[in-house]
Structure formats: structure tokens, C-alpha cells
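Below you'll find the structure, written out as C-alpha cells, and then a few comments.
Note that the coordinates shown come from a computational prediction; the quantities given were computed from them, not determined experimentally.
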Amino acid sequence: MSFKIRTVLTVIFAVLSLLVTLTIGSIFSQKSFVAVETEIGHSLTGTASQASDKLDRFMSARAGELDLLGRMASLEDEFQPDEIQMLLDQLQDSFPSFSWVGFMDPKGKVLAATDGILLGENLSERPVYQEGIKGKFIGDVHNAVLLAKLLPNPTGEPLQFVDISFPLKDSKGMIQGVLAAHLSWEWAKEVEESVLAPLKREEKDIEFFIVSKKEHTVLLGPKEWIGKPLVLPGIEEAQLNKSSWSIEKWPDGNEYVTGFAYSQGHLDFPGLGWTVVIRQVKSSAFASVFDLMWFNVWSGLAVTVLFALIGWVVSRLISAPLVRLTRVANRLRAGEELEIPAIKGIKEIEVLSRSLRDMLTSLMNKNSELVVMQNLAHFDQLTRLPNRTALEVYLEESLETESENHTLTFLYLDLDGFKRVNDTLGHQTGDVLLQKVAQRLSALGQVKGITVRLGGDEFLIVLQSVGSHPREEAMAYAEAIIQSLNKPFIIEYERIRIGCSIGGAEYPTNSDNPSEIIRMADEALYESKRAGKNRMTFYSELKQDR
């Protein structure tokens with residue numbers, strides 16, 4: 001198979017540009033993917049750390065407030081329920097996140113409580129009392145069934161709380177009661193919204209989880225996850241490294257970019273070991289990367305088309321001079337006489353055109369040499385008359401055009417007295433004489449005939465006749481030859497006279513074989529010599545005499 005150079009270059013430009021674009025696009029896409037992945041991972045981790053810090057700070061602040069309230073209640077060792085009740089009401093008004101705050105005596109009986117809830121009840125069996133009587137206690141998120149029934153709940157959703165409790169001691173270190181509080185878990189949702197609000201304005205599919213240290217239970221998150229365990233490798237790593245991110249395959253089978261932050265506490269609040277988890281669907285997180293990838297693909301196609309056009313233009317510039325050279329070569333092959341154009345601009349094509357020009361010049365010189373050699377092969381070197389080789393070529397061409405009205409008359413000539421000139425005046429004079437004889441024969445030559453020197457002083461003339469009187473034409477021509485050669489020749493101031501004997505034969509009258517005709521003409525020539533020389537005899541006359 002063969003292809004045009006324009007097609008080849010266009011395809012090469014297109015393929016190379018496509019490969020380069022795809023390669024560079026792939027590398028940039030991969031780099032961008034890694035960069036975006038890292039950026040999103042760090043962003044989610046930072047957000048999770050921010051949320052964890054807010055949770056710890058909130059819990060630390062609430063614990064400090066409750067501790068301050070306990071110090072105020074312990075002033076002057078007076079633990080009056082009325083005064084403590086007033087302090088509790090002020091605390092709840094200032095910080096609504098305290099769903100319930102109560103003061104219990106050393107045996108667990110509630111002596112003062114916000115909104116009078118659980119007043120007079122004995123909570124000695126509750127963890128908030130049992131742990132608080134021992135020392136400062138901050139409990140994890142839990143459901144308080146008894147308290148939940150007593151608190152207003154417009155939404156009807158299960159209420160969750162965080163416990164804070166510690167003993168109140170007098171100046172002597174004796175326990176005078178337990179101060180306890182239930183923090184509403186609703187504040188955690190406010191933390192979630194404050195942290196995620198900026199992200200959700202820019203990103204989609206972002207979800208927030210708070211996971212307990214014990215059994216990795218989801219304390220806060222989408223409704224379907226609340227109270228269920230969440231087991232992810234990243235949670236274990238977060239508890240060791242405090243914060244991290246990874247691409248996790250979640251229990252629903254989907255992959256998420258997930259940021260983890262472990263609760264580290266704040267000031268004297270040690271933290272509850274919560275793990276804040278923020279996740280985003282991988283496809284949404286990397287949407288910008290996929291957009292970039294498709295941008296690279298379309299850009300690559302556009303660049304491919306552009307470079308294909310460039311390749312087409314470049315190939316046109318390259319192929320145009322080649323096409324021009326080809327057309328000139330075809331015209332030269334058809335026989336036109338043209339010159340190879342000199343191409344400028346592209347070095348290789350310039351060299352090619354110059355080489356073709358040189359080759360054409362060389363071929364023309366070769367042709368000239370062949371013409372010269374052909375002339376040398378077809379012409380007698382002394383007389384410049386055609387020789388036997390030229391006679392053969394002439395007969396081949398003439399016999400091809402043979403017809404009924406076409407007659408060839410062969411006249412065989414021999415000079416009378418030439419040997420005497422050679423013997424008396426020398427061969428050089430004899431050669432000059434042959435040249436002058438040839439000149440006179442050429443002057444008498446016919447357009448449709450040929451005059452040949454056979455060798456020595458022998459010549460052969462072939463006449464082409466078209467008509468009904470070829471012999472009369474031949475006789476007249478022979479007489480003209482005899483008269484011309486009978487005139488004296490002047491050679492080196494010497495006056496030289498010679499004669500001429502001629503024998504003739506006709507084709508195809510006498511024979512259809514050229515060699516046989518020449519023999520017959522030669523035979524007629526000798527008859528002219530025997531009859532007295534300087535005359536013309538036809539072969540047919542010999543047959544009549546016999």
C-alpha cells in the first residue's frame with residue numbers, strides 16, 4: 001500500500017499531538033487528583049478537629065460553670081437549699097443547654113432542682129449520683145428515661161444528655177451533697193451546623209458523625225446511624241494519631257473521603273474520647289478532578305484537530321515542490337523538452353531538484369554521445385556517406401512500407417580508373433578523390449533514396465519510385481551520375497578524370513530478397529564494365545541476352 005506524503009504527515013502530526021496531549025493530560029490529572037485528594041482530606045480533617053475542639057471547649061466551659069456554682073454554694077459552709085435553688089435557676093437562665101441541674105443531699109435525695117423537676121426524688125441509684133459522690137464525673141451521652149418524661153419534648157425524638165456531677169464539701173472536707181447536671185445533647189447539633197455550614201455552601205454530600213469511644217456507637221449523625229456501631233479503620237487510627245484522613249469503604253459499600261479527629265479535652269477537661277467523623281462521597285469530592293480530566297480530553301481532541309491542520313499545511317508545503325517535480329518528470333517522459341525547476345526553501349528538496357537537473361543534463365549528454373556514436377556506426381568515416389549498417393536500417397524501414405506501387409531500384413556503382421589514381425598519385429589523393437565523389441553523389445541524392453559507400457570505390461544507391469515508370473527514373477538518375485563523375489576533379493592542382501560503371505536491379509520485380517537484389521545489381525555492374533565501362537546496365541537486360 002502507498003500513501004500520499006500529505007496524508008502520512010497529517011496522520012503523524014495528529015497521532016503525536018494526541019499522544020502528547022493524553023500523556024501530559026494524564027500526568028496532570030493524576031497530579032491534580034492526588035493534590036485535590038490531599039486538599040479535601042486535610043480540609044475534612046481540619047473541620048473534624050475544629051468540631052472536636054468546639055465540643056471539648058463547650059464541655060469544659062459547662063463543667064467550669066457548674067464547678068463555679070458549687071463553689072458559690074459552698075461559701076461559708078452554708079448549703080441552704082433555697083439559696084442553691086436560686087443559683088440553679090440563674091444558671092439555667094444563663095445557659096439553656098443545662099436541661100436540668102439539681103442538688104442532692106449525701107443520701108441522694110434531691111433538695112433543689114431547676115423547674116422543680118425530680119424535687120424530693122431519691123437518685124441514689126442513678127450513675128449521676130453514684131459517680132458524683134466519689135468525685136468529679138462527666139458521663140458520656142445517654143438516654144435519661146425518667147428525666148425525658150418530665151421535660152418538654154415538642155419534636156417527640158428521644159432525648160439524650162451528658163451528665164456532670166461532683167460532691168460539695170464543707171471547709172472540713174466533709175461531703176454535704178452532690179451537685180449534678182444533665183446537658184442537653186441538642187447543643188452538639190448546633191456545633192455540627194456551625195462547623196458544616198461553610199462547607200455545605202461550597203460542597204455537597206458532606207455528613208457529620210460523633211462516635212463514642214465505647215463500642216464506637218454513633219452519638220450524632222444521620223438518623224439511620226444514631227445508636228449503631230460504626231467500625232472503620234480510620235477511627236482506630238484517629239484514636240492513636242489524634243487526627244487523620246483516608247478514603248474509606250463504608251458499610252453501605254460506597255467509598256468516601258473521610259476525615260477523623262479524636263477528642264483531646266480542653267484545659268482540665270480530659271475529654272470523653274469522642275471521635276468526630278466527617279465524610280464526603282468520593283465522586284462528589286473529586287468532581288472537579290473529573291471535570292479537569294474531561295477538559296483535558298476535549299482539549300486533547302481540539303489540539304489534535306489543530307495539529308492535524310498544521311500537519312496538512314506543512315505537508316502541503318513539503319509535497320507541493322515534489323508534485324511539481326513529478327509533473328515535470330512526467331512531461332519529460334512524454335517527450336517534452338523542459339528543464340527541472342530549481343526548488344528553494346527545503347534543503348533536501350533543493351538537493352533533490354539539483355540532483356535531478358544534473359541527472360537530466362547527464363542523460364542529455366549521454367543522448368548526444370549516443371547520437372554521435374550512432375552516427376559513427378552508421379556513416380563512413382572517410383566520405384561521411386551512410387555505410388552498410390545504415391543501409392540495413394533504411395531497408396528495414398522501407399520494406400515495412402512495401403506496397404504494389406512501391407519499387408526500390410538498387411544502383412551498384414564502381415569507379416573506372418580509380419586504381420590508376422591510387423597507384424600514380426597515392427592513397428591520400430585517392431581518399432580525397434573518394435570524398436569529392438561522395439560530395440557529387442550527395443548533390444544528386446533524392447529525398448526518398450539513400451547513397452551508401454560499401455567500401456573501396458564501390459557505392460550503392462537505392463531509389464524509391466512510386467509510379468508506373470520506375471526504370472525510366474532510374475535510368476535518368478544513372479545518366480546524371482555518369483555525367484557528374486565524368487567531369488574532371490582538381491586535387492592538389494592535378495586534373496583527374498575517372499569514369500563510372502553502374503549495375504541495377506529492381507525490388508520486388510527481380511527479387512523480394514534485398515541481399516539477392518544487391519547481388520544482381522553487382523552482377524549487372526560487371527556486365528557494364530565488360531561492355532566498355534562508363535555505362536548503366538539492368539539485371540533484367542542480362543536475362544534477356546541469355
Quick check: do [X] and [Y] have side-chain heavy atoms less than 4.5 Å from each other?
X    : Y    : answer
F260 : L232 : yes
M86  : Q90  : yes
P106 : Q176 : no
F209 : R279 : yes
L123 : V110 : yes

Nearest 0.5 Å, please: how far is [atom2] in [Y] from [atom1] in [X]?
X    : Y    : atom1 : atom2 : answer
T275 : L230 : OG1   : CG    : 9.5 Å
E207 : W250 : CD    : CH2   : 7.5 Å
K169 : M174 : NZ    : CE    : 10.0 Å
S49  : Y262 : OG    : OH    : 13.5 Å
Q85  : T114 : CD    : OG1   : 7.5 Å
W245 : Q280 : CH2   : CD    : 12.5 Å

Which atom pair, heavy atoms only, marks the closest approach of [X] to [Y]?
X    : Y    : answer
F166 : K136 : CB-CA, 3.7 Å
S165 : G132 : OG-CA, 3.2 Å
I133 : V178 : CD1-CG2, 3.4 Å
A112 : P81  : CB-O, 3.8 Å
N387 : F379 : ND2-N, 3.5 Å
M104 : A180 : CE-CB, 3.7 Å

**OP:** Run the salt-bridge test on E255 and K249 with the 4.0 Å N-O cut-off and return the result as yes or no.
**Re:** no
Original post:
Could you walk me through whether L179 and V101 pass the side-chain contact (heavy atoms from CB on, under 4.5 Å) check?
Top reply: CA-CA 8 Å; L179 186 61; V101 185; 4.3 Å; yes
Original post:
Just by modelled atom types, is the I117 backbone N or O under 3.5 Å from a matching donor or acceptor in the D115 side chain?
Top reply: no
Original post:
Do the side chain of T258 and the main chain of Y256 share a donor and acceptor less than 3.5 angstrom apart?
Top reply: yes
